[in-house]
2 protein chains.
Amino acid sequence: MGTEGLRDRKKRQTRTTLVRAAVELATEHGYDNITTDDIATRAGVSTRTFFNYFATKEDAVLNPDPGADDRIRAHITTSPPDQHPLETARTFLHNELTTIDHDHKLWLARLSVIREHPDMLNRAFLSGAATEHTLAEAFADRLGLPADHTYPRTTAATITSAFRVALTQWLRTPGDPTTPALGDHINEVFTLLTHGLTPPARP
Amino acid sequence: MGTEGLRDRKKRQTRTTLVRAAVELATEHGYDNITTDDIATRAGVSTRTFFNYFATKEDAVLNPDPGADDRIRAHITTSPPDQHPLETARTFLHNELTTIDHDHKLWLARLSVIREHPDMLNRAFLSGAATEHTLAEAFADRLGLPADHTYPRTTAATITSAFRVALTQWLRTPGDPTTPALGDHINEVFTLLTHGLTPPARP
DNA sequence: GGCTGTTTGTGCAGTGGCTGCAAGTTTGCA
DNA sequence: TGCAAACTTGCAGCCACTGCACAAACAGCC
């Protein structure tokens, strides 16, 4: 089971090649000005193959991480059961940030594309309704509640929203070392939420 | 200025006719099985005209309310400045519910379409990013904060999320008078949020 | 009632995302 | 080596959506 097999290796490579092609082309010419044909051609495969790997042109740029759901579930079930859900989510997100540092360069390009297309981020989060569902399920399990209970659902929705806001705020001032890091934005948003969104004092 | 003019009247009528056609056809044959041609034909206009009224096939079904943003802004600016934002939003949503009761029949059909296509609801809420922006702006004004401050943005995102969850929960048990009304779900979700999502006791 | 400028409706041709199908090609396995 | 399963590819096609050029309807004015 340790061996991966030639077939799987090729498959993974084709996928990452397509992602790179998509992100590069989008940053070079603008996402709207490239076609799926362009992406496939640069990746050296047929257009039809492109759609065997991605259901959508957007997916090729965003490259949704299929393992994310498992990591989420694992983190939630292994964290202290009486920990506040927002705190559990916060620590999970901080863990993930170190992962992002890996493909640093690819991520910067990807983010520049997203910055030009804010709707894409939104769509990513909501067709990522699957992820939200995973969150709700995991918290429901931990709390001994039914999966469709209002509490875990609200919690899950709030968490994804929170992360989205933090990302949006962070994207406004990218790369500048004097501005807050993404982790700082996450902390700020989650702190607001744990305090029930109590308004700050007037300036 | 009181008179509406024949031109405007016709325009409004064409729009509502298209909406009715879209919703009816979608409920009859399923949203995926109808084309924009079908909708236009039933409405008695050309396909090209359809796209003069709606940017998207989805829009014809959802019929986004262009006046909503103004009502939101008005409600927020006229409500007590020291009122908790979540409470302000809660009362606003309750006001809107009475409006929905007007086109009751159309709304039921629309909801049945949405129930078959949960993604549509999500997309509606996030291409309704415009609405979220309005929310953030209005709260920022009221609090004397800059429009891009994290607090109003988090608040706005949380409110739209909350409403989305309430709607989703409500859609699961529609029309049954023994189950909670939409307003009850809204209350429940907002209560959870004002308490910082404190987990309920284990059952 | 006519005249003129501005909207609104429509046909047409075209782009491009996305899919099903029926091959061909490659890999896994015995 | 030979067979089955998985992967790739070309092709034909659907359909949402757009730009453009022109016809039709309307508003305001004389």
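Within every chain, numbering begins at 1; the chains are lettered A, B, ... in the order of the sequence lines, protein sequences first and strands thereafter.
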Expected output: side-chain B/Arg153 to main-chain A/Val165 donor-acceptor under 3.5 Å: no
From CZ (B/Arg123) to CG (B/Leu62), nearest 0.5 Å: 9.0 Å
Exam field: side chain A/Thr56 to backbone A/Asp59, donor-acceptor pair closer than 3.5 Å: no
Touch class at under 4.0 angstrom, heavy-atom based, for B/Ile34 against every strand present: sugar-phosphate
Phosphate OP1/OP2 of D/dA16: any B/Thr36 side-chain N/O under 4.0 Å: yes
Flag for B/Thr41-B/Asp38: side-chain donor and acceptor within less than 3.5 Å: no
CZ-CD1 distance between A/Arg90 and A/Ile186, expressed to the nearest 0.5 angstrom: 9.0 Å
Within residues 41-57 of chain A: residues closer than 4.0 Å to DNA chain C (heavy atoms): A/Arg48, A/Phe51, A/Ala55, A/Thr56, A/Lys57
Nucleotide interval of DNA chain C bounded by contacts with chain B (heavy-atom cut-off, under 4.0 Å): C/dT6 to C/dC12
Nucleotide-resolved protein contact map, nucleotides 25-30 of chain D, B/S/- at heavy-atom distance under 4.0 Å: BBS---
Nearest-angstrom distance from the residue atom CG of B/Asp37 to C1' of D/dT18: 15 Å
Identified side chain to side chain contact (heavy atoms under 4.5 Å, CB included) partner of A/Phe139 from the options A/Thr88, A/Leu145, A/Thr77: A/Thr88
OH on A/Tyr53 to CG on A/Asn63, rounded to 0.5 Å: 12.5 Å
Distance in Å, A/Thr36 OG1 paired with A/Leu25 CG, rounded so as to fall on 0.5 Å steps: 11.5 Å
A/Arg12 side, atom CZ; A/Arg7 side, atom CZ - distance, nearest 0.5 Å: 16.0 Å
Straight-line distance of A/Thr158 OG1 to B/Leu197 CG, nearest 0.5 Å: 5.0 Å
